[in-house]
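Below you'll find the structure, written out as structure tokens, and then a few comments.
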Amino acid sequence: MDWDAEAQTFITAGEKYTETVTAKAKTTVYYPADFGGVKWHDGSPSPAADVIYRIITQFDRAKEASAIYDISFVPDYESFLSLQGHAKVLSANPLVIEDLHRQHLPGC
């Protein structure tokens with residue numbers, strides 16, 4: 001649901017909200033079972049951890065307490081939060097990530 005830059009841990013929806021938040025759309029992404037075989041443009045392996053790292057940096061860059069804080073990223077982060085409701089890793093092998101959205105997505 002969010003990120004604690006000082007503790008370097010995720011903040012769950014239950015920790016962030018005292019009232020129920022309702023999602024308007026859900027997206028579930030199923031990555032290939034052989035995700036370890038996926039390669040970056042330079043041929044180096046792209047493990048599932050790279051996907052999780054990207055999720056973390058999406059939050060961390062916008063937090064003043066972060067070592068990678070970037071004030072210019074804050075508006076993008078706030079826009080992201082206005083749409084994104086929740087991200088949950090359902091499985092690490094194979095990688096499956098569920099996103100619940102606060103807004104209806106185009107085509108949903």
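Note: hydrogens, waters and symmetry copies are ignored here, and every other heavy atom, side chains too, is used. Just so it is clear, the model here is predicted, and its values are computed rather than measured. Positions are given from 1 along the sequence.
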Item to check | Tyr77, Tyr53, Trp3 screened by side chain to side chain contact (heavy atoms under 4.5 Å, CB included) with Asp60, the one that passes | outcome: Trp3
Next on the checklist: I'd like to check the salt bridge (charged side-chain N to carboxylate O under 4.0 Å, His left out) partners of Asp70; sequence neighbours left out, ordered by chain and number.
Outcome noted: Arg61
Next on the checklist: Just to verify, what does Ala92 make a side chain to side chain contact (heavy atoms under 4.5 Å, CB included) with, not counting sequence neighbours?
Outcome noted: none
Checklist entry - Partners of Asp42 by side chain to side chain contact (heavy atoms under 4.5 Å, CB included), sequence neighbours excluded? => result Trp40, Ser44
Checklist entry - So which residues get pulled into Tyr30's cluster when ILVMFWY side chains under 4.5 Å apart are joined, directly or through others? => result Leu90, Val96
Checklist entry - Considering all heavy atoms of both residues, which atom of Ser91 and which atom of Pro94 are nearest to each other, and what is their separation? => result OG-O, 2.6 Å
Next on the checklist: If I compare all heavy atoms of Ala5 with all of Ser66, which pair ends up nearest, and what's the gap?
Outcome noted: CB-N, 3.8 Å
Item to check | Cluster link Val29 to Phe59, ILVMFWY, side chain under 4.5 Å | outcome: yes
Checklist entry - How many angstroms lie between CD1 in Ile55 and NZ in Lys88, if you round to the nearest 0.5 Å? => result 13.5 Å
Checklist outcome for this item: The remaining residues in the hydrophobic cluster of Tyr69, counting side-chain heavy-atom contacts under 4.5 Å among Ile, Leu, Val, Met, Phe, Trp and Tyr, are Ile71, Val74
Next on the checklist: So, taking the atom named OG1 in Thr9 and the one named CG in Asp4, what distance separates them when rounded to the nearest 0.5 Å?
Outcome noted: 4.5 Å
Item to check | Val89 with Ile11, same ILVMFWY side-chain cluster at under 4.5 Å | outcome: no
Item to check | Sub-4.5 Å side-chain heavy-atom contact between Phe73 and Gln58 | outcome: yes
Checklist entry - Got a sec, which residues hit side chain to side chain contact (heavy atoms under 4.5 Å, CB included) with Val51, two or more places apart in sequence or on another chain? => result Tyr31, Phe35, Leu95, Ile97
